[in-house]
Q: 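Submitted below is the structure of interest, expressed as structure tokens.
None of these values were measured; they are calculated from a predicted model. No hydrogens, no waters, no symmetry mates; every other heavy atom, side chains included, goes into these values. Proteins come first, then strands; the chains are lettered A, B, ... in the order of their sequence lines, and each starts at number 1.
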Amino acid sequence: MTSRLLLTPAVGVLLLLSGCGTIWDAPVGYSESPKLTGGELKGKTKLQKAVRAQLDKLYGPNPRDIRVFPGSGLFNGGTSLANLVKEGKKVREVKYEVVDSITGKKSIKTQHGGYSLYRRHCLHCHGVSGDGAGPTAPYLYPRPRDYRPGIFKFTSTGLNKPTRDDLRKTLLYGIAGTSMPAFDAMLSADEIDQVVEYVVFLSMRGETELGLIDIASTVDEKDAATELSDEVGLDTAKVVANKWVQASNLVVDPPIPRVIADEASVKRGRELYLGLNKTGGKVECVACHGPQAHGDGPSFVDKTVFDKVVFWEKSIDEAIDEIYEHMIFEHEGKVEAAKNPKDVPPLIAKKEFAAKVKKAWGESLDDWQNPLRPANLTLGRYKGGRRPIDLYWRIANGINGAKMPGHASAIKPEQIWDLVNFVIQLPYDPNMLENAPPPPAAAVAER
Amino acid sequence: MRNWSLLYIVMAVLSVIVCIYAPFDPNWRLPPNVSTTGREVDHLFELIMGITGLTFVGVSIAFGIAAWKFTDAPGRKAKYMHGSQRLEIVWTVIPAGILVFIALYQMGTWTKIKFRSEAPRVQPIAEVSARQFQWLMVYPGPDGRLHTPDDLHTVNDLHFVKGKPALIYLKSQDVIHSFFLPQMRIKQDALPGMTIPVWFDSDTASTSEHPFELVCAELCGWGHYKMRSKVVVHETQAEFDEWVKQSLKEQNRDQLKSAKTTTAAVEHKGGESL
Ligand SMILES: [Cu+2]
């Protein structure tokens with residue numbers, strides 16, 4: 001009897017010692033770029049090793065042992081990244097007071113610095129290394145951002161790195177229409193800043209990795225030690241760090257204030273959108289965003305193909321098969337109904353159709369090789385923010401890594417404001433595009 | 001075997017201690033109530049807690065005594081009995097009576113909180129849409145009408161005025177969520193395809209730094225816990241209007257000149273490390 005009573009706590013203690021213990025102590029590792037072991041560096045183990053060694057020296061071997069190189073530009077020498085930071089040879093422990101943003105209660109226990117917050121709130125989608133491949137990532141569309149190439153979509157700086165404010169805005173208010181939630185009510189301002197620093201850290205690490213791989217690809221294996229020395233490593237990292245440091249100097253402020261959003265301005269915006277304007281530069285909004293602004297323009301892969309692949313998880317070939325089968329069915333119907341079957345134009349050959357779809361598909365991927373679609377502008381949902389200045393940035397500078405090109409060189413600032421006014425008005429007045437002429441055949445957006 | 005009865009007795013005693021201690025520790029109970037109907041909800045909660053608590057203690061004591069007294073002993077024989085009709089009737093009729101009493105007693109409060117005929121005759125303060133995983137608020141803006149270009153859009157930020165009934169329209173964009181205001185004792189499921197009016201008030205103001213809470217009370221997916229929103233109760237209508245005005249000013253920003261950073265957070269000056 002007593003032995004059975006004793007068994008329960010004993011099992012509990014055993015579980016605590018074995019199971020939970022190992023979970024907390026298990027090493028957490030960064031993932032590697034596939035380019036490190038494939039491509040040019042395939043089989044060149046000495047070069048691979050040298051790249052790894054430099055990364056470990058610069059950023060630390062794993063998220064539990066974070067290192068920051070001098071001159072990283074990270075806030076206060078990287079002290080907001082985690083509870084233990086090694087800068088050069090100095091090791092300092094940094095403790096954080098956590099303030100509950102709702103109750104204002106202060107405590108000093110579980111959360112210390114960006115890594116802990118990132119691990120709790122972001123890692124399940126964005127991954128340990130910021131590669132956008134966390135366990136919940138496969139269920140999302142659009143896919144979570146992979147920070148490692150150092151490309152960020154919603155910037156105030158055009159094609160440059162985002163400012164800390166840009167990232168802070170994304171964290172505070174989320175990205176409308178995607179799975180990126182808002183953290184304003186969850187985290188304090190100080191905690192938000194810590195996460196921002198950690199995201200920058202991961203992005204710098206990823207971009208340094210790519211930089212080192214680039215260098216290694218041009219080097220002979222026997223020169224691994226000299227060509228990938230500590231000096232080269234630090235220089236590569238500093239090039240990346242410098243881009244982040246420069247960001248705050250590269251913010252684009254619209255040169256003129258917003259044009260008053262009266263009927264005339266909205267009408268001018270509509271004409272620009274449809275490419276019907278008589279004066280000034282031309283833009284091709286309608287080619288991607290579509291004649292009714294539903295995000296279904298002819299420059300992008302057809303929506304039925306997109307839906308089948310992204311939401312029904314078919315392969316592109318399966319999607320083509322299904323659609324073509326339906327086209328045959330429709331064609332047969334037409335032939336049967338026609339008085340003279342010879343009047344019905346013949347169906348496109350399957351090979352030709354497949355090649356066309358595949359080409360369009362390839363042109364509709366973003367820089368991370370993920371499928372994407374132009375925004376449906378009638379929903380009033382703006383990923384990069386709904387302020388006029390946000391929309392100005394999107395139209396003038398484009399969206400990094402996506403297919404949206406910048407238009408600042410093609411049209412004048414007042415024309416951009418006309419377009420902004422049109423885009424803001426459209427969700428409340430979708431009839432504006434009711435009788436819009438169809439766009440000219442596929443013209444591919446160029447950046 | 002007699003020792004087993006001790007377990008039940010200890011459990012009952014511990015439960016009683018916890019029940020008596022809980023109301024005195026703010027961390028062990030709901031946050032202080034701030035709304036009119038919340039007082040009635042709390043009263044019902046305490047009444048039901050009292051009834052079920054007393055029943056639990058009674059049952060535990062009976063169980064402990066029975067287990068102690070009638071435990072297995074050498075030479076003891078089991079007795080056969082058919083049961084007691086009188087006892088059966090007693091322990092069916094009494095709980096049924098209690099249940100009917102509770103059902104009738106709470107009806108007035110339920111009506112006040114849920115019946116659409118009882119909704120305050122006021123303009124809605126906002127439309128609140130739940131989605132995985134956040135609360136999207138749309139305020140009517142200066143023209144007082146929803147879904148016009150002057151609407152104010154916020155994420156996870158609910159504002160209304162102290163001492164005035166507030167009405168919102170609740171929607172869901174994807175799955176079932178639940179709109180829960182713990183301080184106001186209001187809970188209402190948000191259902192896709194439906195627009196549900198929800199009303200509440202507060203006799204206490206709160207600030208953006210120390211807001212009340214709005215949380216999702218229906219497990220809606222992996223990010224369920226992220227559906228936490230601030231609830232700011234403004235002292236006066238003028239203060240609320242000023243908040244709308246300032247928020248709209250930021251929502252209509254067209255240039256950075258005189259821009260402030262989005263939070264009061266530390267300014268990051270690049271290039272400096274230690
Ligand atoms: Cu929810």
Side-chain angles (χ1 to χ4, degrees), chain A residues 1 68 70-78 87 101-104 121 124 136 139 156 163-165 168-169 172-174 176 179 181-186 189-190 192-193 196-197 242 244-249 251 253-254 256-258 261 380 386-390 392 417 420 424-425 427-428, chain B residues 1 3-4 7 27 31 131-136 138 147-151 153-158 173 206-215 221-223 225-231 249-257 259-274:
Chain A
M1 185 68 267
V68 173
S72 68
L74 287 161
F75 180 60
N76 208 3
E87 186 174 6
S101 54
I102 298 284
T103 61
H121 298 292
H124 59 83
T136 49
Y139 307 108
S156 56
T163 61
R164 298 297 204 268
D165 249 1
R168 204 174 287 148
K169 203 158 71 78
L172 284 172
Y173 309 119
S179 301
F183 287 93
D184 193 12
M186 293 260 305
D190 194 38
I192 294 269
D193 281 356
V196 166
E197 287 306 296
N242 211 27
W244 283 96
V245 172
Q246 286 307 317
S248 57
N249 305 325
V251 177
D253 206 8
I256 54 166
R258 182 183 179 187
R386 64 164 54 245
R387 301 178 306 171
I389 192 171
D390 295 321
Y392 186 97
W417 280 126
V420 169
I424 288 177
Q425 185 61 29
Y428 301 100
Chain B
M1 283 309 274
N3 292 341
W4 278 106
L7 186 68
N27 289 328
R131 75 179 288 263
Q132 289 172 319
F133 296 99
Q134 53 201 189
W135 302 97
L136 306 173
V138 184
H147 308 299
T148 54
D150 73 344
D151 288 351
H153 298 254
T154 68
V155 184
N156 294 344
D157 204 11
L158 182 65
Q173 292 186 2
S206 68
T207 62
S208 195
E209 288 72 41
H210 299 292
F212 295 139
E213 267 182 285
L214 155 63
V215 287
W222 53 262
Y225 81 102
K226 286 182 169 133
M227 291 187 70
R228 191 188 194 195
S229 161
K230 291 179 180 180
V231 177
K249 215 169 145 192
E250 179 57 29
Q251 186 174 296
N252 290 325
R253 175 175 292 288
D254 61 347
Q255 280 183 307
L256 283 175
K257 281 170 199 157
K260 269 187 266 159
T261 47
T262 37
T263 63
V266 230
E267 189 58 44
H268 291 281
K269 287 266 183 276
E272 294 166 358
S273 83
L274 284 191

Q: Checking A/Trp244 against chain B: side chain, backbone, both or neither under 4.5 Å from a heavy atom?
A: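 Neither the backbone nor the side chain of A/Trp244 comes within 4.5 Å of chain B.
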Q: Check whether any side-chain heavy atom of B/Gln132 sits under 4.5 Å from a side-chain heavy atom of A/Ser179, and report yes or no.
A: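 In short, these two side chains do not touch, never coming nearer than 4.5 Å.
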Q: Step by step, would you call A/Asp184 with B/Val155 a side-chain contact (heavy atoms from CB on, under 4.5 Å)?
A: CA-CA 8 Å; A/Asp184 193 12; B/Val155 184; over 6 Å; no
Q: Looking at OH of A/Tyr173 and OG1 of B/Thr154, how far apart are the two atoms once the value is rounded to the nearest 0.5 Å?
A: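 Rounded to the nearest 0.5 Å, the OH-OG1 separation comes out at 10.0 Å.
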Q: Relative to chain A, which segment of B/Gln251 carries a heavy atom at a distance below 4.5 Å: side chain, backbone, both, or neither?
A: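 The answer is both parts of B/Gln251.
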Q: Heavy-atom distance under 4.5 Å to chain B: side chain of A/Phe183, backbone, both or neither?
A: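 For A/Phe183, the side chain is the part near chain B, not the backbone.
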Q: More than 12 heavy atoms of other residues, nucleotides or ligands under 6.0 Å from OH of A/Tyr139: is that the case?
A: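 Not buried by this count: 12 neighbours or fewer within 6.0 Å.
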Q: Tell me every residue that passes salt bridge (charged side-chain N to carboxylate O under 4.0 Å, His left out) with A/Asp390, counting only those two or more places apart in sequence or in another chain.
A: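 A/Asp390: salt bridge (charged side-chain N to carboxylate O under 4.0 Å, His left out) contacts with A/Lys169, A/Arg387.
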Q: Between A/Tyr428 and chain B, which part of the residue has a heavy atom less than 4.5 Å away: side chain, backbone, both or neither?
A: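 When you check distances to chain B, only side chain atoms of A/Tyr428 fall under 4.5 Å.
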Q: So for A/Val251, is it side chain, backbone, both, or neither that comes closer than 4.5 Å to the heavy atoms of chain B?
A: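 Just its side chain gets close to chain B.
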Q: Measure across A/Thr136 and B/Trp222 and return the closest heavy-atom pair with its distance rounded to 0.1 Å.
A: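 So the minimum-distance heavy-atom pair works out to CG2-CG, 4.1 Å.
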Q: My understanding is that only residues two or more places apart in sequence, or in another chain, count here; which of them pass side chain to side chain contact (heavy atoms under 4.5 Å, CB included) with B/Gln173?
A: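 Testing B/Gln173 for side chain to side chain contact (heavy atoms under 4.5 Å, CB included), a comparison that skips the adjacent residues, returns A/Arg381, B/Ser129, B/Arg131, B/Leu136.
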Q: Roughly how far apart are B/Asn156 CG and A/Met186 CE, rounded to 0.5 Å?
A: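 Interatomic distance, B/Asn156 CG to A/Met186 CE, rounded to 0.5 Å: 9.5 Å.
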Q: Tell me the closest heavy-atom pair linking A/Pro254 and B/Gln255, and the distance in Å.
A: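 A/Pro254 and B/Gln255 have their closest heavy atoms at O-NE2, 2.6 Å.
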Q: Check whether B/Thr148 gets within reach of chain A through its side chain, its backbone, both or neither, counting any heavy atom under 4.5 Å.
A: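 The backbone, not the side chain.
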Q: Hey, which of A/Asp253, A/Asn249, A/Ile424 has the most heavy atom pairs under 4.5 Å with chain B?
A: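 Result: the option with the highest number of such pairs is A/Asp253.
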Q: Closest heavy-atom contact between A/Pro181 and B/Phe133?
A: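 Where A/Pro181 meets B/Phe133 most closely, the heavy atoms are CB-O, 3.8 Å.
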Q: I want to check something: taking the side chain as every heavy atom from C-beta on, are B/Tyr225 and A/His121 in contact at a cut-off of under 4.5 Å?
A: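 A side-chain contact exists here, since the closest heavy-atom pair is under 4.5 Å.
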Q: Which bit of A/Gln425 comes within less than 4.5 Å of chain B, counting heavy atoms only: side chain, backbone, both or neither?
A: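 When you check distances to chain B, only side chain atoms of A/Gln425 fall under 4.5 Å.
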